[in-house]
Amino acid sequence: MTVLDPGGRQLVSTRTNAHGEYAATGLPEGYLSVVATLPGKQPAVRQRPLRRGDAVRADFLLRDREDAPGTGLTTAATAGR
């Protein structure tokens, strides 16, 4: 999982837990892009607005490169306080 600012600069990169979840804190306000990647799967991007103190959720269903059924991932990001 990678979080990018509006200019495409990487803010944080992390892995999900065994349940496909992750959290990132201390992110700046504004529109952020969350990118989910997994070897053998098609990457997916979600853009979300983030305001100070808010928690934002971005869910993904990553499909096999051949468009077979995918793997579900749940993510959350929180703006810095």
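Computation of the quantities below employed the complete heavy-atom set of this structure, encompassing side-chain atoms and omitting hydrogens, waters and symmetry-equivalent molecules.
- Taking the side-chain contact (heavy atoms from CB on, under 4.5 Å) definition, one finds that Arg48 meets it with Arg46, Val56, Ala58, sequence neighbours left out.
- Among residues two or more places apart in sequence or in another chain, the salt bridge (charged side-chain N to carboxylate O under 4.0 Å, His left out) test is passed with Arg9 by Asp5.
- The shortest non-hydrogen separation linking Pro28 to Leu50 is O-CD2, 3.7 Å.
- Tracing side-chain contacts under 4.5 Å through hydrophobic residues (I, L, V, M, F, W, Y), one reaches Val34 starting from Leu11; they form part of the same cluster.
- Listed by chain and residue number, Thr37, Arg65 satisfy the side-chain contact (heavy atoms from CB on, under 4.5 Å) test with Pro43 (two or more places apart in sequence, or in another chain).
- Residues passing the side chain to side chain donor-acceptor pair (under 3.5 Å) test with Ser33 are Gln47, sequence neighbours excluded.
- Arg57 and Asp59 get closest at one heavy-atom pair: NE-OD1, 3.0 Å.
- For Thr14, the side-chain contact (heavy atoms from CB on, under 4.5 Å) test picks out Met1, Tyr22, with sequence neighbours left out.
- Glu29 CD to Arg52 CZ: the interatomic distance, rounded to the nearest 0.5 Å, is 6.0 Å.
- Distance check: Gln10 CD to Leu4 CG gives 7.0 Å after rounding to the nearest 0.5 Å.
- Here the straight-line distance linking atom CD of Gln42 with atom CG of Leu62 works out to 9.0 Å at 0.5 Å rounding.
- Under the side-chain contact (heavy atoms from CB on, under 4.5 Å) criterion, Val12 pairs with Val3, Ala24, Leu27, sequence neighbours left out.
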